[in-house]
Novice: 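This is the structure I want to talk about, given as structure tokens.
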Number of protein chains: 2
Amino acid sequence: MTITRNTVQREIILQTVLGMDNHPSADEVYAKLRPENPSISRATVYRNLELLARQGKILHIRTPRGADCFDFNINDHHHLRCEVCRRVFDIDVSDIPKIDYDKIDSEGYLINGYNISFYGICPKCQENERSNI
Amino acid sequence: MTITRNTVQREIILQTVLGMDNHPSADEVYAKLRPENPSISRATVYRNLELLARQGKILHIRTPRGADCFDFNINDHHHLRCEVCRRVFDIDVSDIPKIDYDKIDSEGYLINGYNISFYGICPKCQENERSNI
DNA sequence: ATGACTGCAAAGGGTTTGCATTGAA
DNA sequence: TTCAATGCAAACCCTTTGCAGTCAT
């Protein structure tokens with residue numbers, strides 16, 4: 001691991017994510033801490049979220065379509081992006097077989113890992129669709 | 001399905017994708033057809049690739065990090081995005097269990113589908129890494 | 001004193017959109 | 001005749017980067 005220094009900004013960003021339970025995007029983290037910390041820049045938020053994820057302190061969730069999100073829950077679990085509100089949620093899909101293709105070699109391709117991401121509609125947006133039509 | 005009209009642009013875009021075997025991004029399709037068809041606009045390429053994918057004539061591949069790609073091979077298969085050159089490749093990872101969570105309901109979440117995308121390093125980039133160090 | 005880190009603003013990549021016009025049906 | 005589709009440019013979202021200055025070590 002490269003040398004890092006402890007900055008107040010980094011700690012504030014970490015604590016902000018730990019206090020949010022809704023898979024915030026970098027911009028949502030920025031918006032959340034901005035009122036009390038107006039001098040922290042958006043670039044610093046992006047840079048530190050990435051660094052904290054590399055350190056394993058938070059989870060960096062990347063899914064197609066929509067901003068990357070971050071999660072205080074670093075345990076292995078699955079996510080769904082709502083196709084209506086574009087937000088990310090934990091979903092409980094038990095017995096998803098764990099694919100053991102980590103670091104294997106497939107016809108010359110070095111596979112370092114994989115992402116599974118679900119898409120669908122969250123409960124709130126389903127409800128809105130029912131009442132708005 | 002909504003009403004569509006057959007335009008020459010759409011046919012050119014379709015034929016261009018069918019003639020490319022390298023999972024082109026929308027911009028790569030645009031670049032490919034531009035020399036012979038300089039009047040077709042980038043917006044038209046984006047709009048038609050999406051429409052053709054909705055019609056099931058091509059495959060729209062969405063992975064985290066990097067542009068969406070399109071594929072003439074509409075059979076169900078898996079993709080890997082090279083972390084070095086950012087390109088998308090077919091990979092042969094047999095016996096990936098098919099997850100049967102299509103259209104099921106999990107704690108109020110309507111699951112419409114899922115993406116699995118692998119990441120790693122393609123053969124050419126592995127070779128470059130070996131020789132460049 | 002060193003260089004990791006910051007804030008700022010600008011640029012970047014990928015994609016979508018508003019609008020007037022065109023052309024397939 | 002109609003309205004789906006086009007071309008254009010501008011806007012959009014998300015993210016990264018260059019740079020000069022700052023601050024943890």
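Any value given below was found using the heavy atoms of this structure, including those in side chains, with hydrogens, waters and symmetry copies removed. Residue numbers begin at 1 in each chain, while the letters A, B, ... track the order of the sequences.
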Novice: Check whether any side-chain N or O of B/Asn48 sits under 4.0 Å from OP1 or OP2 of D/dA5, and answer yes or no.
Specialist: no

Novice: Which class fits the ring pair A/Tyr109 and B/Phe89: parallel under 30°, tilted 30 to 60°, perpendicular over 60°?
Specialist: tilted

Novice: For C/dT6, does either OP1 or OP2 sit under 4.0 Å from a side-chain N or O belonging to A/Thr7?
Specialist: yes

Novice: Rounded to whole angstrom units, what separation is found between the CG atom of A/Leu49 and the C1' atom of D/dC14?
Specialist: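 In whole Å, D/dC14 C1' lies 13 Å from A/Leu49 CG.
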
Novice: Quick one: does B/Arg65 reach the base of C/dG14 with a side-chain donor-acceptor pair under 3.5 Å?
Specialist: no

Novice: Which whole-number value in Å describes the distance from B/Ile12 CD1 to D/dA5 P?
Specialist: 16 Å

Novice: Given B/Phe72 and B/Asp21, is the side-chain contact (heavy atoms from CB on, under 4.5 Å) satisfied, shown in steps?
Specialist: CA-CA 7 Å; B/Phe72 70 90; B/Asp21 58 1; 3.9 Å; yes

Novice: For the residue pair A/Tyr30 and A/Arg34, confirm or rule out a side-chain donor-acceptor distance under 3.5 Å.
Specialist: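 There is such a pair between these side chains.
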
Novice: Classify B/Arg10 by what it touches in the nucleic acid, base, sugar-phosphate, or nothing, heavy-atom distance under 4.0 Å.
Specialist: sugar-phosphate

Novice: Consider the side chain of A/Arg5, meaning its heavy atoms from C-beta on, and name the nucleotide among D/dA5, D/dC23, C/dG14 that approaches it most closely.
Specialist: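 Per side-chain heavy atoms of A/Arg5, the pick is D/dC23.
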
Novice: State whether A/Glu50 and A/Arg54 are salt-bridged, where the test is any N-O pair (Lys NZ or Arg NE/NH1/NH2 against Asp/Glu carboxylate O) under 4.0 Å.
Specialist: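 Salt bridge: yes.
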
Novice: When you check the side-chain N and O atoms of A/Asp71 and A/His60, is any donor under 3.5 Å from an acceptor?
Specialist: no

Novice: Decide if the gap between the ring center of B/Phe118 and the ring center of B/His79 is smaller than 6.0 angstrom.
Specialist: no

Novice: So which nucleotide from C/dT15, C/dG23, D/dC23 ends up closest to the side chain of B/Asp68?
Specialist: C/dT15

Novice: Examine C/dG23: is either OP1 or OP2 under 4.0 Å from a nitrogen or oxygen in the side chain of B/Gln9? Give yes or no.
Specialist: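 For C/dG23, neither OP1 nor OP2 has a side-chain N or O of B/Gln9 closer than 4.0 Å.
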
Novice: Would you kindly say whether A/Asn6 and A/Glu11 are connected by a side-chain donor-acceptor distance under 3.5 Å?
Specialist: no

Novice: For A/Arg10, give me all partners under side-chain contact (heavy atoms from CB on, under 4.5 Å), at least two apart in sequence or on another chain.
Specialist: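 With neighbours one apart ignored, the set is A/Thr4, A/Thr7, A/Asn48, A/Leu51, A/Leu52.
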
Novice: D/dA5, D/dA24, D/dT17: which one has an atom nearest the side-chain heavy atoms of A/Arg47?
Specialist: D/dT17

Novice: Based on the rotation axes of five pairs at each end, what angle does the helix from C/dA1-D/dT25 to C/dA25-D/dT1 bend through, to 10°?
Specialist: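 End-to-end axis angle for the helix from C/dA1-D/dT25 to C/dA25-D/dT1: 30°, rounded to 10°.
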
Novice: List in numerical order all residues of residues 26-46 of chain B for which some heavy atom is under 4.0 Å away from an atom belonging to DNA chain C.
Specialist: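 B/Arg42, B/Ala43, B/Tyr46, in order of number.
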
Novice: With rounding to the nearest 0.5 angstrom, report the CD1 to CD distance, B/Ile91 to A/Glu107.
Specialist: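 Nearest 0.5 Å value for the CD1-CD distance: 9.0 Å.
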
